[in-house]
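In what follows, a structure is listed as structure tokens, so that the remarks can point back to it.
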Amino acid sequence: MNIRKTAANILKATMQGKLLLSLKVDKVFLHIIYFFIIVWLCIYTNLKIEQTLARVEENSRTIEDLKIYHAQKTSELASFDRISTVQEMLAKQGSKLTLPDKPAAHIED
């Protein structure tokens, strides 16, 4: 019965804050608060750093994909450099556009 009474008293003292006063924690209370603020700031900073690093990795993957896409488009455009390729594409589309027979004439006003 004595153990129950002691446990009940400890619980009651803890809830009312008397336990902290009996342990003389009031002298270092500001230090404890300061410590918890510092710990909270460290945790918060680490979480923000992790989020930033995750975003950087995602952006790096996107940049690599865009580099590949750019290289593909550049090679496609390089193949369009030849006149014969352009003429074939125009013929496939049904265009009547061809190379001129004679050079352009100068138009005067």
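Just so you know, these numbers come straight off a predicted model, no measurement behind them. We're numbering straight along the sequence, starting at 1.
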Establish whether Y69 and L77 are linked, either directly or via other cluster members, by ILVMFWY side-chain heavy-atom contacts under 4.5 Å. no

Nearest 0.5 Å please: distance from the CG atom of L41 over to the CG atom of N46. 11.0 Å

side-chain contact (heavy atoms from CB on, under 4.5 Å) evaluation trace for H70 with L66: CA-CA 6 Å; H70 182 263; L66 290 175; over 6 Å; no

Taking only residues at least two apart or on different chains, which pairs with a member in residues 56-76 satisfy salt bridge (charged side-chain N to carboxylate O under 4.0 Å, His left out)? E64-K67, K73-E76

Are V39 and L47 linked, directly or through other ILVMFWY residues, by side chains that come within less than 4.5 angstrom of each other? yes

Kindly work out whether a path of hydrophobic side-chain contacts (I/L/V/M/F/W/Y, heavy atoms less than 4.5 Å apart) joins W40 to I32. no

Are I38 and L30 linked, directly or through other ILVMFWY residues, by side chains that come within less than 4.5 angstrom of each other? no

With a cut-off of 6.0 Å (strictly less than), are more than 12 heavy atoms of other residues, nucleotides or ligands near CD of Q16? yes

